[in-house]
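Before any comments, here is the structure.
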Amino acid sequence: MDKRKTRTARMIETADQKAAFDRQVKQILSYKRFLAWILKTCVDKFSGVSIEEIEGCIEGKPSVAEMAVHQDEQIRGDNTADTSIDEGVVTYDIRFTALTTDSVRPIELFINIEGQYREGSLKYPLMSRVVYYLSRMISAQYGKVFTKQNYGDIRKVYSIWIVSEPYARNRNSVKSFQFVPKDLYGHAAYDKRDYDKITAVLINLDQKKPGVKNQILRMLNVLLSDTMEVSEKEKILENEFNILMSEDVREEMRDMCNFSEGVYRDGVLTGQDIGKAQEVTSIVEYIAAANHISLSKACLMAGRTLKEYKAAKKLLEKSGELVEA
């Protein structure tokens with residue numbers, strides 16, 4: 001038997017399971033009750049509004065992996081974030097609009113929710129991609145929301161990113177980025193409504209410490225945990241967040257947990273383990289070489305420990321056949 005073919009088959013199966021897991025996560029997060037909890041934390045206008053009211057503010061059915069980030073690309077079939085790893089149609093994970101509860105003048109907000117698995121495996125800074133998505137959400141409004149020079153009609157956009165495995169220094173944190181004016185000389189007054197058009201929020205999880213007191217971190221750490229049983233998740237979500245599981249949501253969550261087991265715990269994942277080890281070693285070694293620093297300092301910059309790096313290196317050395325391309 002050709003071991004290389006066997007490894008390839010395993011990696012293909014793993015990739016299929018990972019894609020299915022990603023689809024399940026997006027589908028579950030698109031339920032309005034979960035979205036309402038995210039909005040309550042991440043959108044100032046909803047901070048003092050009840051979860052039930054926020055649910056009612058979400059318009060229509062959220063779009064899940066259907067709307068292209070680049071307007072000139074056509075969506076074909078059942079897309080995930082990309083049609084391939086390096087090229088293809090890029091879609092927003094979840095897109096929807098929500099109306100604020102302002103009694104005089106409700107404001108329509110355009111909101112994007114994105115999931116990012118392992119930040120350290122990216123070939124680019126995550127924040128640069130976040131800025132790009134916000135820019136696309138603004139420019140895409142031309143011809144639909146505003147025309148010609150009616151820039152005052154531009155709607156505010158939010159891009160909210162849920163990072164499952166962020167750098168160690170960022171775990172269990174929620175950080176917001178906004179357009180903030182700064183007086184360089186003298187003082188000038190501008191109406192905040194005219195420039196407050198973009199907000200990015202990064203929700204950095206730590207599933208090893210799900211007991212954090214912050215509500216949105218607690219909810220997402222529990223919901224997306226790959227070690228917690230479905231029954232335990234249901235109990236916590238119901239008791240702490242008043243999220244009663246409909247049969248549809250319960251089924252989606254069971255499927256997600258099943259895919260999670262296949263992706264993260266099944267013995268078929270030898271190839272996946274090797275991939276993780278290669279990510280750790282390549283990133284750390286690149287940072288060390290590029291900056292002419294020690295491996296321990298490079299590990300710190302990469303959000304890894306020296307122990308993790310050595311373990312990954314040892315795994316690659318022991319599995320010589322598996323590091324073949």
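All values below were derived from every heavy atom in this structure, side-chain atoms included, with hydrogens, water molecules and symmetry-related copies excluded. All figures in this text were calculated on a predicted structure; none of them were measured in a lab.
Of the inter-residue distances, the one linking Y31 atom OH with K61 atom NZ reads 8.5 Å to the nearest 0.5 angstrom. Here K313 contributes atom NZ and Q278 contributes atom CD; the two are 10.5 Å apart, rounded to the nearest 0.5 Å. Note that OG of S159 is 9.0 Å distant from CZ of R95, once rounded to the nearest 0.5 Å. Rounded to the nearest 0.5 angstrom, L202 CG and I160 CD1 are separated by 10.5 Å. A distance of 4.5 Å separates CD in E66 from OG in S63, rounded to the nearest 0.5 Å. Distance check: E308 CD to T281 OG1 gives 12.5 Å after rounding to the nearest 0.5 Å.
Cluster membership for F241 and I28, using ILVMFWY side-chain heavy atoms within less than 4.5 angstrom, is shared. The hydrophobic cluster containing V212 also contains I243, counting ILVMFWY residues as joined when their side-chain heavy atoms lie under 4.5 angstrom apart, directly or transitively. A continuous path of ILVMFWY side-chain contacts below 4.5 Å connects V157 to Y142, so both sit in one hydrophobic cluster. There is no path of hydrophobic side-chain contacts, each under 4.5 Å, that joins F110 to L99. I154 and V131 are not part of a single hydrophobic cluster, where members link through side-chain heavy atoms under 4.5 Å apart.
By the 6.0 Å and 45° rule, R169 stacks over the aromatic ring of Y167.
Closest approach of V284 and A298 over heavy atoms only: O-CB, 3.4 Å. Considering all non-hydrogen atoms of both residues, S173 and N170 come closest at OG-O, 2.5 Å. Here the closest non-hydrogen pair linking S30 and I94 is N-CD1, 3.8 Å. Closest approach of P62 and L35 over heavy atoms only: CG-CD1, 3.6 Å. Closest approach of K233 to V222, counting heavy atoms only: CE-O, 3.2 Å. For the residue pair I58 and K32, the shortest heavy atom distance occurs at O-NZ, 3.2 Å.
Using a 4.5 Å heavy-atom threshold, the side chains of L224 and V25 count as touching. Annotation: side chain of I162 is not in contact with side chain of Q116 (no heavy-atom distance under 4.5 Å). In this structure the side chain of I283 never reaches within 4.5 angstrom of the side chain of Y286, judged on heavy atoms. Residues V163 and I203 have side chains not in contact (no heavy-atom distance under 4.5 Å, counting atoms from C-beta outward). Counting only heavy atoms from C-beta outward, the side chains of T97 and I111 never approach each other to under 4.5 Å. Here the side chains of I51 and K40 are in contact, with some heavy-atom distance below 4.5 Å. For the pair I113 and I38, the minimum side-chain heavy-atom distance is below 4.5 Å. With contacts defined as side-chain heavy-atom distances shorter than 4.5 Å, the pair T91/M67 does not qualify.
The pair D206-K208 fails the salt-bridge criterion, with no side-chain N (NZ, NE, NH1 or NH2) lying under 4.0 Å from an Asp/Glu carboxylate O. With respect to R155 and E108, a salt bridge is recorded, a charged nitrogen being found less than 4.0 Å from a carboxylate O. Salt bridge status for R33 with E52: present, with a side-chain N to carboxylate O gap under 4.0 Å.
A side-chain contact (heavy atoms from CB on, under 4.5 Å) with L39 holds for exactly one of F96, F34, Y158; it is F96. If you run side-chain contact (heavy atoms from CB on, under 4.5 Å) between K156 and each of T100, I138, L109, I107, only L109 comes through. Applying the salt bridge (charged side-chain N to carboxylate O under 4.0 Å, His left out) test between E240 and each of R218, K213, K235 identifies R218 as the sole match.
Under the 30°/60° scheme for interplanar angles, the aromatic rings of F146 and Y151 are found to be tilted.
Between the side chains of D93 and N112, no donor N or O sits under 3.5 Å from an acceptor N or O. The closest side-chain donor-acceptor pair between Q207 and S225, if any, does not fall under 3.5 angstrom. E53 and S50 form a side-chain donor-acceptor contact under 3.5 Å, judged by distance and modelled atom types alone. S176 and Q178 share a side-chain donor-acceptor pair at under 3.5 Å.
Y92 and Y133 have their aromatic ring centers within a separation under 6.0 angstrom.
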Step by step, would you call M219 with L237 a side chain to side chain contact (heavy atoms under 4.5 Å, CB included)?
CA-CA 7 Å; M219 186 192 80; L237 293 173; 3.8 Å; yes
Would you please test L217 and N204 for side chain to side chain contact (heavy atoms under 4.5 Å, CB included) and show each step?
CA-CA 8 Å; L217 289 172; N204 298 300; 5.8 Å; no
Report the C-alpha distance between R304 and Y309 in whole Å, list the side-chain angles of each, state the deciding distance to 0.1 Å, and finish with yes or no for side chain to side chain contact (heavy atoms under 4.5 Å, CB included).
CA-CA 7 Å; R304 302 284 182 175; Y309 169 78; 5.9 Å; no
Does the pair F179 and K197 meet the rule for a side chain to side chain contact (heavy atoms under 4.5 Å, CB included), with working shown?
CA-CA 8 Å; F179 194 129; K197 301 293 185 182; over 6 Å; no
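Listed for the D191 side chain is a donor-acceptor partner under 3.5 Å among the backbone atoms of R193. Judged by distance alone, the side chain of D196 and the main-chain N or O of K192 form no donor-acceptor pair under 3.5 Å.
The number of heavy-atom neighbours closer than 6.0 Å to OH of Y124, taken from other residues, nucleotides and ligands shown, is above 12. Residue-environment remark: OH (Y195) exceeds the threshold of 12 foreign heavy atoms within 6.0 Å.
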